[in-house]
Amino acid sequence: MTADLFDAIADVQPSREAMADGAVLLRGFALRFETDLIPALREIVAQAPFRHMSTPGGHQMSVAMTNCGNAGWVTDRTGYRYDGVDPESGQPWPKMPAVFRELAAEAATEGGFENFSPDACLINRYEPGARMSLHQDKDEQDFAAPIVSVSLGIPATFLFGGLKRSDKPARFRLVHGDVVVWGGPSRLFFHGVAPLADGEHAAMGRQRINLTFRKAR
Ligand code: MD6
Ligand code: FE
């Protein structure tokens, strides 16, 4: 096979890497959605700007967040919850754009979960130094649905543990366009993001944006 032909196949066939039973890393899967994805993201952020939410313990998160879809994940002094309304504006969260839904459903199918129909997309913004400590995603009603996680912008180290907080996490470098699909036996695995190293991405600037799609309700 010539190098050119090999490159052409690599372009249309993003690689997949098993992370655990039920979790797969689809490298570059979001790239073919990029031209619609990034403008749609900018529109959402114009309507519902990024904000640093507080944890129930009273700490401000280093990651800034917003949401789109019928249910948005929020945290404040009273706890974590899904809420249809943006507490900053009192308005419903922006609608989930078609390109978001299509990317999430196609990635889920690729990961072995058909008919994924997310009602929530949490959008996280990491600036250099921001991190996410180990946690489980367990505020959703139905753990049968997977989570689809899309990375954009500068690279991050994703920490992926097990069912116990003390399980030593494996480390995965996630770059612009990578998608993690996550469900079944690993749906409740602890995970987090190491402090973001400084960097610059041509399209996204000096930040990492992560979209996590869930079926919340
Ligand atoms: C992040 N992601 O990558 C944080 N949760 O910025 C998550 O917390 C996450 O990527 C559940 C499943 C996939 C994820
Ligand atoms: Fe999470």
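As the structure lists them, so they are numbered: ligands from 1, and atoms in each ligand from 1.
Of all protein heavy atoms, the one closest to atom 11 (C) of ligand 1 is Asp137 OD2, 2.8 Å. Residue, atom and distance of the protein heavy atom nearest to atom 4 (C) of ligand 1 are Tyr126 OH, 3.3 Å. Of the protein's non-hydrogen atoms, His191 NE2, 3.3 Å is the one closest to atom 9 (C) of ligand 1.
Vertex the Fe ion (ligand 2); arms to His135 atom NE2 and Asp137 atom OD1; angle 90° (nearest 10°).
Proximity annotation for atom 3 (O) of ligand 1: of Arg214, His135, Arg208, Gln136, Arg208 comes nearest, heavy atoms only.
Electrostatic pairing of Glu127 and Arg206 does not count as a salt bridge here, judged by no charged N lying under 4.0 Å from a carboxylate O. Arg27 has a carboxylate O that lies under 4.0 Å from a charged side-chain N of Asp178, or vice versa, which qualifies the two as a salt bridge. Ionic pairing of Arg81 and Asp76 is present here: one or more N-O contacts between side-chain nitrogen and carboxylate oxygen are shorter than 4.0 angstrom.
One hydrophobic cluster holds both Phe29 and Phe100 under the rule that ILVMFWY side chains link at heavy-atom gaps under 4.5 Å.
The side-chain hydrogen bond (donor to acceptor under 3.5 Å, both in side chains) test with Tyr82 is passed by exactly one of Gln141, Arg217, Glu140: Glu140.
Considering backbone and side-chain atoms together, Trp182 places no N or O closer than 3.5 Å to any N or O of ligand 1. Backbone and side-chain nitrogen or oxygen atoms of Thr212 are examined, and none is located within less than 3.5 angstrom of a nitrogen or oxygen of ligand 1.
In this structure, the side chain of Thr66 engages the main chain of Ala48 through a donor-acceptor pair within 3.5 Å.
Those atoms of ligand 1 with a heavy atom of Ser149 less than 4.0 angstrom away are 10 (O), 13 (C), 14 (C).
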